Amino acid sequence: MPALNPRQAEAVRYIDGPLLVLAGAGSGKTRVITRKIAYLIETCGVAARQVTAVTFTNKAAREMKQRISGLLKNRDSRGLSVSTFHTLGLNIIRREHRELGYKPGFSILDAQDSADLLRELLRKERMEDEGITAGLQSQVSRWKNALVSPARALSRTEDETGAAAARLYAHYQRHLKAYNAVDFDDLILLPVQLFREHPQALERWQNRTRYLLVDEYQDTNASQYELVKQLVGVRGALTAVGDDDQSVYAWRGARPENLALLQKDFPRLKLIKLEQNYRSTGRILKCANHLIGNNPHLFEKRLWSKLGPGDPLRVLDCRSEEHEAQSVVSEILHHHVTQGAPLGDCAILYRSNHQARIFEKVLREHKIPYFLSGGTSFFAHTEIKDIMAYLRLLANPEDDAAFLRIVNVPRREIGPTTLEKLAGYASRRNTSLLLASGELGLEQILPQRTRERLAEFAAWIEDFARRGESGDPVKAVRDLIRDMDYPNWLRETSANDKTAERRLANLDELVSWLGALTKGEAQDKSLSEMVNQLTLMDILERQDEETGGDRVHLMTLHAAKGLEFPHVFLVGMEEEVLPHRTSIEEDNIEEERRLAYVGITRAQRSLALSYANQRKRYGEMAECEPSRFLQELPSQELQWSGKPTNRTREETRERGQAHLSHLRSLLGSD
DNA sequence: TGGGGTGATATTTTT
DNA sequence: TATCACCCCA
């Protein structure tokens with residue numbers, strides 16, 4: 001086990017009050033968090049169940065758990081909570097749902113479900129023409145993340161469009177509540193509201209959070225910060241780890257200022273900076289420091305490394321995006337062949353997803369295996385969404401969104417007209433669609449055959465709901481899928497055999513995940529708990545990872561955060577690409593610079609930056625200018641290749657002239 | 001119910 | 001250019 005450096009050790013041992021660890025890229029922040037948790041449990045005698053660590057991604061939480069259990073060996077780490085903010089919120093809501101006015105079995109709507117619901121409401125309200133369709137979901141999300149209630153949102157708006165959006169927000173919240181459902185943002189928002197209104201509940205949670213550790217602190221938004229403050233309370237047993245230079249989620253509500261706010265809110269805050277980098281060579285770090293030096297800083301820090309200077313950074317000047325892809329791929333091949341570098345050591349990083357395409361094409365042409373991260377999520381597949389909707393409905397008979405999704409999938413001859421009438425009836429009776437389906441009052445408005453179909457469906461669902469509750473929930477799910485002949489429906493609705501096979505495999509995978517969840521830590525989980533847990537999980541299609549092997553990594557800069565690779569190719573270093581056009585327009589260059597910084601600091605041994613002079617934009621060929629960030633790098637550390645651009649030609653001319661005038665001045669002074 | 005034609009639209013993305 | 005949602009017609 002590597003020894004901690006003095007600063008890291010100090011951060012691990014400082015438990016007397018609130019602590020902010022400013023951890024530069026590659027400075028071993030995860031090591032500090034994991035070692036600190038082990039220290040708290042082993043040395044300070046804090047009970048594992050009273051330690052809570054929060055991260056932003058499942059992946060980070062998973063890794064952290066693994067590393068801690070490695071450190072603690074056989075010692076008791078049961079009850080230690082390492083989770084994402086959202087899972088923590090879910091646990092709080094699960095325990096306290098009554099106080100919040102939710103019933104057991106409440107559903108979680110994912111981003112897609114919530115967008116669907118908003119679109120539906122928008123349609124009902126006939127507000128399409130008011131131009132608030134675009135960005136409505138993110139507006140609502142921003143409000144929620146800033147702890148702005150619908151009423152406050154409405155009172156704050158100035159124009160009619162904003163008011164319409166705020167009304168929709170109110171409407172949306174009412175529907176969620178009626179569905180006994182929450183969305184992702186609610187998982188943070190509701191606990192905050194609960195703790196504001198119920199001091200006893202807050203005390204309960206404070207008592208079980210004797211120590212709180214927060215990773216990637218710069219990514220917290222206002223509601224997450226509020227939750228942190230509430231849980232920490234006056235005790236101030238908090239370690240926050242973050243790096244303002246790696247804040248790249250401002251567009252999602254993250255507030256890097258939260259780092260500075262800590263100092264205000266916790267006057268006793270201790271600050272420790274981790275500046276020794278264990279990842280990159282000196283030249284790479286020098287360039288990174290140089291670039292980020294152009295940003296204003298909340299806290300000054302300067303990364304250094306003992307790893308030696310390393311090679312100069314290469315800049316690839318390319319004619320077109322095609323040429324760029326070919327240049328990068330041939331460099332990778334070169335590394336691979338001449339230095340025996342594994343393909344898996346190479347990563348191609350880009351600003352936006354569409355840039356991956358051309359690289360995929362060229363890699364395929366060269367028969368080079370690659371791993372593209374950030375594809376469609378497992379849970380975005382129709383078949384998975386369908387079954388999840390069934391599960392939600394089993395657990396929560398009030399989940400109208402789930403009901404509407406699957407009532408006619410597979411076909412049960414329950415069409416839009418029927419549903420509209422049913423919805424009218426249900427809302428008059430103040431009940432849910434599923435519960436209304438079996439009611440006698442429908443006699444007045446629906447023909448007998450239709451009523452029978454509805455009642456049959458409702459009875460069928462209720463039957464399986466009972467089976468899921470009393471018996472083996474996984475078996476109930478299997479039976480449900482078989483009983484409605486869903487696999488055949490999938491085959492019928494798939495374009496070809498191949499997609500059908502894939503979808504069936506996905507279905508199997510979902511069921512086996514359910515099985516795995518029942519075997520997990522807590523044995524007897526209810527169906528709804530399993531469903532909610534699944535909704536927060538990130539099962540991506542990882543055939544690539546499973547088939548394993550040595551593959552080039554392709555990913556966005558956002559996805560690369562937290563990772564490292566021996567050889568990094570930072571591509572598309574152009575104005576309007578990185579910095580992205582909209583960021584230029586919105587005068588948001590600093591965040592783009594941080595993105596470039598994140599990209600550079602992913603590299604361990606070698607880094608190449610590339611740009612194209614021409615690129616297809618919305619179908620049309622457009623001239624491109626090298627990114628301003630290239631000029632912000634120290635030119636003596638860069639090695640340009642390819643044909644020199646106008647810029648470099650100009651530079652050489654300038655340099656030549658400077659040299660001449662220098663000579664002249666020498667002559668003149670003589 | 002499904003398929004084809006049409007017009008708008010075009011970041012980053014986790015939970 | 002490429003995709004996607006939407007609408008109309010068979």
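Everything numeric here is computed off the predicted structure, so don't read it as measured data. Reminder, nothing fancy here: chain letters follow the sequence lines and each chain counts from 1.
- Nucleic acid contact class of A:Ala559 (heavy atoms, under 4.0 Å, all strands): none.
- Side-chain N/O atoms of A:Arg351 and base N/O atoms of B:dT12 include a donor-acceptor pair closer than 3.5 Å.
- Two residues are said to be in side-chain contact when any heavy atoms from C-beta on lie closer than 4.5 Å; A:Asp113 and A:Phe184 fail this criterion.
- At whole-Å resolution of the value, CZ in A:Arg411 and P in B:dT1 are 4 Å apart.
- Contact annotation for A:Arg594: no contact, since no heavy-atom pair falls under 4.0 Å across all strands.
- If you measure from atom CZ of A:Arg142 to atom P of B:dT13, you get 17 Å, rounded to the nearest angstrom.
- Using a distance-only test at 3.5 Å, with no hydrogens or angles considered, no donor-acceptor pair links the side chain of A:Arg351 to the main chain of A:Val577.
- Rounding to whole angstrom units, CD of residue A:Glu591 and P of B:dT13 are separated by 12 Å.
- The ring of A:Trp251 lies on top of the base of B:dT12, close enough and flat enough: under 5.5 Å between centres, under 30° between planes.
- Taking atom CE of residue A:Met537 and atom C1' of nucleotide B:dT15, one finds them 13 Å apart after rounding to whole Å.
- A:Arg581 has its CZ atom 12 Å from the C1' atom of B:dT9, to the nearest Å.
- In this structure, A:Lys177 forms a cation-pi arrangement with A:Tyr102, its terminal cationic atom sitting closer than 6.0 Å to the ring centre and no more than 45° off the ring axis.
- Within 4.0 Å (heavy atoms only), A:Asn353 reaches sugar-phosphate atoms of the nucleic acid but no base atom.
- Nucleic acid contact for A:Thr582: base, since at least one base atom lies under 4.0 Å from a heavy atom of the residue.
- Aromatic pair A:Phe403/A:Phe457: centroids less than 6.0 angstrom apart.
- Backbone-only engagement by A:Asn58 is indicated by non-hydrogen atom pairs under 4.0 Å involving sugar-phosphate atoms exclusively.
- Among the nucleotides B:dT13, B:dT14, B:dT11, the one closest to the side chain of A:Thr57 is B:dT14.
- Residues A:Leu536 and A:Thr84 fail the side-chain proximity criterion, which asks for heavy atoms closer than 4.5 Å.
- Look at A:Thr556 and you won't find any side-chain N or O under 4.0 angstrom from OP1 or OP2 of B:dT11.
- At whole-Å resolution of the value, CG in A:Asn91 and C1' in B:dT15 are 14 Å apart.
- Comparing A:Asn408 and A:Leu557 by the nucleotide of DNA chain B that holds the closest heavy atom to each, the one mapping nearer the 5' end is A:Asn408.
- Residue A:Tyr618 is classed as a base contact, given a heavy-atom separation below 4.0 Å to a base.
- For the pairing with A:Lys561, the side-chain hydrogen bond (donor to acceptor under 3.5 Å, both in side chains) check across A:Thr601, A:Asp243, A:Asp219 returns one residue only, A:Asp219.
- As rounded to whole Å, 13 Å separates atom C1' of B:dT11 from atom CD of A:Glu576.
- Between A:His580 and B:dT12, no base-stacking contact is recorded for ring centres under 5.5 Å apart and planes less than 30° from parallel.
- Within 4.0 Å (heavy atoms only), A:Ser583 reaches at least one base atom of the nucleic acid.
- In this pair, A:His558 and A:Trp251 present their aromatic rings perpendicular. The plane angle is above 60°, beyond the 30 to 60° band.
- Per the geometry, NE2 belonging to A:His558 stands 14 Å off P belonging to B:dT15, to the nearest Å.
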Going 5' to 3' through nucleotides 2-7 of chain C and flagging B where a protein heavy-atom sits under 4.0 Å of the base, S where only the sugar-phosphate is that close, and - otherwise, we get SS--S-

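- Here the side chains of A:Leu554 and A:Tyr350 are in contact, with some heavy-atom distance below 4.5 Å.
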